[in-house]
Amino acid sequence: MIFVVDLDDTVCLTAEYSLNYIVNFIKKNNLPYKQISSNARFAEKNFDWSMEEALAWYKEYGDQMMAEFPCVDYAVEFLQAIHNKNSKTVIATARTTDWHTDPEKITKNWLSENKIPYDKIYFGRADKQQICEEVGADCFIDDDVNIVKKVVDHFASIKKPIKVFLMTSEFNKELECPNGAIRVQSFKDIAKALNIDLEQSRNLN
Ligand SMILES: [Mg+2]
């Protein structure tokens, strides 16, 4: 099977970790910014800073923060289990150099430090439905409701089957799961749906 998997808020806890990191950073450095929202999807909307200030902050500290993101529960076990079953993993992440200095290097190091096996990785804002088609994906996992909908609709329009999972996150839990996709709470649910034994993979590693 070929899996296409998103990273931020699917495999790693991006939004939650970023928010705490930035709050602490602002306090520690006595910066003049105030937190104005605790549930906006992107960090630049959580503070009273301008887009330019947010961009400047990310350019300077975003890579450091990104290197520390924790994995969500069972993500590593799941990705190792599918690797052990000879499935292919394609990572599709929207991380780009407009927000980060060196997203490719940091992301690849992060994957290796977290012992996450993968076969291919796409960076940037390419349409994920095109990536899925290009690599012949059997299964797609992402937390973004709009992206999930585009993948479901695209595969319906080209009449190809694909299993699409919407990973529940803090920011999509109130949103409706698009028709044709399956909402899951964790990689454990996906493993169950696909009959993948996570314990066995744990014992192999
Ligand atoms: Mg994401």
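The basis for the numbers below is simple: all heavy atoms, side chains too, and nothing from hydrogens, waters or symmetry mates. Atoms within each ligand, like the ligands themselves, are counted from 1 in listed order. Note that the coordinates shown come from a computational prediction; the quantities given were computed from them, not determined experimentally.
Put simply, Asp6 gets within reach of the Mg ion (ligand 1), with an N, O or S atom under 2.8 Å from it. At least one N/O/S atom of Asp143, from backbone or side chain, sits under 2.8 Å from the Mg ion (ligand 1). Not a single N, O or S atom of Asp142, from either the backbone or the side chain, sits less than 2.8 Å from the Mg ion (ligand 1).
Checked against the Mg ion (ligand 1), the N, O or S atom of Asp8 at the shortest distance is O.
Crowding of Glu16 atom CD: a count of heavy atoms from other residues, nucleotides or ligands under 6.0 Å not exceeding 12. No more than 12 heavy atoms of other residues, nucleotides or ligands lie within 6.0 Å of CG in Asn179, so this atom counts as exposed by the packing criterion.
Annotation: Phe25 is in aromatic contact with Tyr61 [ring centroid separation under 6.0 Å].
A side-chain contact (heavy atoms from CB on, under 4.5 Å) with Tyr122 is found for exactly one of Val90, Val4, Ile91, namely Val90.
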